[in-house]
Amino acid sequence: MMRHFFLFLTLFFLNYINIYGNDRSDSLIAAGRQLRNESKIDEALNLFELALSYYIDEDDSFNIANTYNLLGTTYRRNNQKRKALQSFYESIRINKVLNNFDGLVANYNNLANYYSVESSYQLAYEYYKLAEQILEDTSDKKKLMSIQLNLAILFSYKDSGLTNYDSAIIYNLKSLELSKELRDSLSISFLYNNLGFLYEKNNNLKAALTSYYKSIETKVAIADSNGLAVSYLNVGNAYLKLENFEKSIEFYEKSLALKEYVGDPNHDLHVLSNLVKAKMGVGKVEEASALFLKYNQLRDSLFDKEKMQEIKDLETKYETERKEEEIRRQEMAIREKTFQSNIFLGLSILLVILMLSTIFFFLQKQEYVKKLKNEEIATMKTEQELKELNAMMHGQEEERNRIASDLHDRLGARLSSIKLLFQSDDSQEMKLKVLDSINEAIKETREISHNLSTDMLTRFGIDTAIKDIVRSINDAGQIQADFESYGMQERLPLEIERNIYHVALELINNTLKHAQASHLMVQISCVDDEINVFYEDNGIGFDPQQFADSGMGLRSIYARMNAVKGAVYVNSKPGKGINVVLSIPLSQQKNSTDQLKREKLA
């Protein structure tokens, strides 16, 4: 407060002693910049607007244009979007009249940055190109390097509608050439890292590694520990994709050794997540488990309390709906006890219709699945893919036989008993017995329908569906089951949810039937647009090599992960339980965290 007092007192004396001209306005601009650097945006705007009024009084068009540009960037920081755009366009109008190309470059760059933040990527591209056209006719290589880097970043955005990694590579190379002429080592290291990222997105891992290594070489020379941590992480990721697990472990550990220079826990989370996969890849299960524990501890410490509350609210909502449904069924049962014999007959007919509808739905579903599988067969190119498809179809045939058996043995027997009870006599006691039998038949029909369609998965998502499975296992009291999830606030694509759900069911069923385990655990996390599923039990384990070709369950798991472009890591030994890691890319990774920030030309 005292500093502001002296500032305005100084301005008062400047006016008082009639110090007019550019010195007064320039002093206001300098003071405003200082306040803006201190994030005192409103005070800075007041001084910029006062300076603008003085420049207008003096008819200083050059400084009027510059001040409008400065106001535009400041209004933007204050989220006054309309005033920001008005200021930028007014500055452009004046600079065009003055043929002030340097001012126009700053205007176009700032407008492009504004539209990029507002997700108007086509407009951002057009203004970056206008700035580039001006700079190509000048000798200002530093500004041209910055504009070309901004264009490269724009072509790298996954949701911009302009995504083109080849174009991004071209602009990165142009910017890199200029940074070498300027001997700007920091920019060179950043640009090599960005090139590695873009080559990696184009699946050119060899070129990506070459660029990453050049970035590392430059960062070592300038002692950029922060940048080295990120580059080591990127090299580790490239080697992990090449399944060179030993090299990936080497670079992940180098990145972790520099984590204090990064100061971003999400960086550590990313390294630990991929390091677990690499350790699993070389069979170091104990080390992978220890790292996975660190990963969980770090993840839990980062988990936002508000998000935790949202998950709890969803669970409470689900539990409330389940209880309300149970109360509703009980009320219906009480009312049904007073119904007449014609109602019993109507319920029986309804039950038959429901059974026929279930059978019809099942047959239609199987016909549709068969059609899809025939189309897949027509496009398959390798014998291995045909084997995987046959395994899946064989599993579906078994499921169809099981459902048919349920319909015949369970519902058929139940309906026959209802018929006999209904024909025996018409006493109230017999009516109650018929009602109980009908209720049991309805319950069995719902169970069979649940087996036909993962209704809970469709309605509530993978998180709630697996929680329901775990709850059922724990209610049975034969084995302890645990489930944890992180970063699952939004629904995943249904295809991914279905494949994760069926793989989880396959693993759980194997544990319950064969593992002789006392504990199993399922964990799902969504970090950096990647889904990771961790599964383990403490059962008798097995030798994966013995089941690689003959194990129907394993082939089904690999086939489902291939369908969503996921990876499977299985590790087990006799007497050591089983550890399984599923990794599914949810979408293209976000831009590398080491990308060079835009240089503001204001």
Can you tell me how far the [atom1] atom of [X] sits from the [atom2] atom of [Y], to the nearest 0.5 Å?
X: I524; Y: D463; atom1: CD1; atom2: CG; answer: 6.5 Å
X: D537; Y: S518; atom1: CG; atom2: OG; answer: 9.0 Å
X: S156; Y: N194; atom1: OG; atom2: CG; answer: 7.5 Å
X: N164; Y: L198; atom1: CG; atom2: CG; answer: 10.5 Å
X: Y239; Y: S248; atom1: OH; atom2: OG; answer: 10.0 Å
X: I466; Y: R471; atom1: CD1; atom2: CZ; answer: 12.5 Å

Considering only NZ, NE, NH1 and NH2 on the basic side and carboxylate oxygens on the acidic side, decide whether [X] and [Y] come within less than 4.0 Å.
X: R76; Y: E118; value: no
X: E200; Y: K241; value: yes
X: E495; Y: R498; value: no
X: E253; Y: K279; value: yes

Run the side chain to side chain donor-acceptor pair (under 3.5 Å) check on N193 and S211 step by step: do they pass? CA-CA 6 Å; N193 190 76; S211 296; over 6 Å; no
Would a 4.5 Å heavy-atom cut-off, applied to side chains only, mark [X] and [Y] as touching?
X: I578; Y: N538; result: no
X: N296; Y: Q523; result: yes
X: F483; Y: N474; result: no
X: K254; Y: E250; result: yes
X: S39; Y: R77; result: yes
X: Y192; Y: S231; result: no
X: L586; Y: I496; result: yes
X: I216; Y: T218; result: no

Please verify the inter-ring angle class for F251 with Y232; under 30° counts as parallel, over 60° as perpendicular, anything in between as tilted.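 Because their plane-to-plane angle lies in the 30° to 60° range, the rings of F251 and Y232 count as tilted.
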Polar side chain donor-acceptor pair, [X] to [Y], under 3.5 angstrom:
X: S189; Y: D224; result: no
X: D482; Y: Q480; result: yes
X: S583; Y: E530; result: yes
X: N579; Y: S572; result: no
X: D268; Y: Y295; result: no
X: H270; Y: N274; result: yes

What residue among V276, N266, L256, L291 forms side chain to side chain contact (heavy atoms under 4.5 Å, CB included) with V271?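 By the side chain to side chain contact (heavy atoms under 4.5 Å, CB included) criterion, V271 pairs with just one of V276, N266, L256, L291: L256.
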Please report the shortest heavy-atom distance between [X] and [Y], naming the atom on each side.
X: A124; Y: S116; value: CB-N, 3.8 Å
X: K219; Y: G227; value: NZ-O, 3.1 Å
X: A481; Y: V470; value: O-CG1, 3.5 Å
X: A238; Y: L205; value: O-CD1, 4.2 Å
X: Y569; Y: M280; value: O-CE, 4.3 Å
X: I479; Y: H519; value: CG1-N, 3.7 Å

Take V522 and L507 through the side chain to side chain contact (heavy atoms under 4.5 Å, CB included) test and state the conclusion after the steps. CA-CA 10 Å; V522 184; L507 293 170; over 6 Å; no
Checking I469 against Y501 for the side chain to side chain contact (heavy atoms under 4.5 Å, CB included) test, could you report, in this order, the C-alpha distance in whole Å, the side-chain angles of both residues, the deciding distance, and whether it holds? CA-CA 10 Å; I469 295 172; Y501 181 76; 3.5 Å; yes
Under the ring-ring contact (aromatic ring centres under 6.0 Å, His included) test, residues paired with Y535 that sit two or more places apart: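 If we apply the ring-ring contact (aromatic ring centres under 6.0 Å, His included) test to Y535, skipping adjacent residues, there are no hits.
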Name all residues meeting the ring-ring contact (aromatic ring centres under 6.0 Å, His included) criterion together with F534; count only those two or more places apart in sequence or in a different chain, and write none if there are none.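 Applying ring-ring contact (aromatic ring centres under 6.0 Å, His included) to F534 gives F292.
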Can you tell me if Y252 uses its side chain to pair, donor with acceptor, with the backbone of G236 under 3.5 Å?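 It does hold such a pair.
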Whether the side chain of S273 engages the backbone of L269 through a donor-acceptor N/O pair (distance < 3.5 Å, no angle test) should be reported.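 Not at all, since once roles are kept as given, no pair shorter than 3.5 Å links the two residues.
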Determine whether H267 and S255 satisfy the following criterion, side chain to side chain donor-acceptor pair (under 3.5 Å), listing intermediate values before the conclusion. CA-CA 9 Å; H267 169 268; S255 184; 3.0 Å; yes
With sequence neighbours excluded, what pairs up with [X] under the side chain to side chain contact (heavy atoms under 4.5 Å, CB included) test?
X: L162; answer: Y121, Q122, Y125, L154, F155, S160
X: I540; answer: Q516
X: H514; answer: N510

Taking only residues at least two apart or on different chains, which pairs with a member in residues 561-582 satisfy salt bridge (Lys or Arg N to Asp or Glu O under 4.0 Å)?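 Applying salt bridge (Lys or Arg N to Asp or Glu O under 4.0 Å) to every pair that reaches into residues 561-582, excluding sequence neighbours, yields nothing.
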Given side chain to side chain contact (heavy atoms under 4.5 Å, CB included), test L520 with E536 step by step and report yes or no. CA-CA 6 Å; L520 67 84; E536 67 178 17; over 6 Å; no
I'd like to know whether Y199 forms a side chain to side chain contact (heavy atoms under 4.5 Å, CB included) with T210, so could you lay out the CA-CA distance, the side-chain angles of the two residues, the decisive distance to 0.1 Å, and finally the verdict. CA-CA 10 Å; Y199 284 133; T210 300; over 6 Å; no
Is it true that, when you exclude Y213 itself, more than 12 heavy atoms of the residues, nucleotides or ligands shown sit nearer than 6.0 Å to its OH?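 Yes - once you tally the heavy atoms of other residues, nucleotides and ligands closer than 6.0 Å, there are more than 12.
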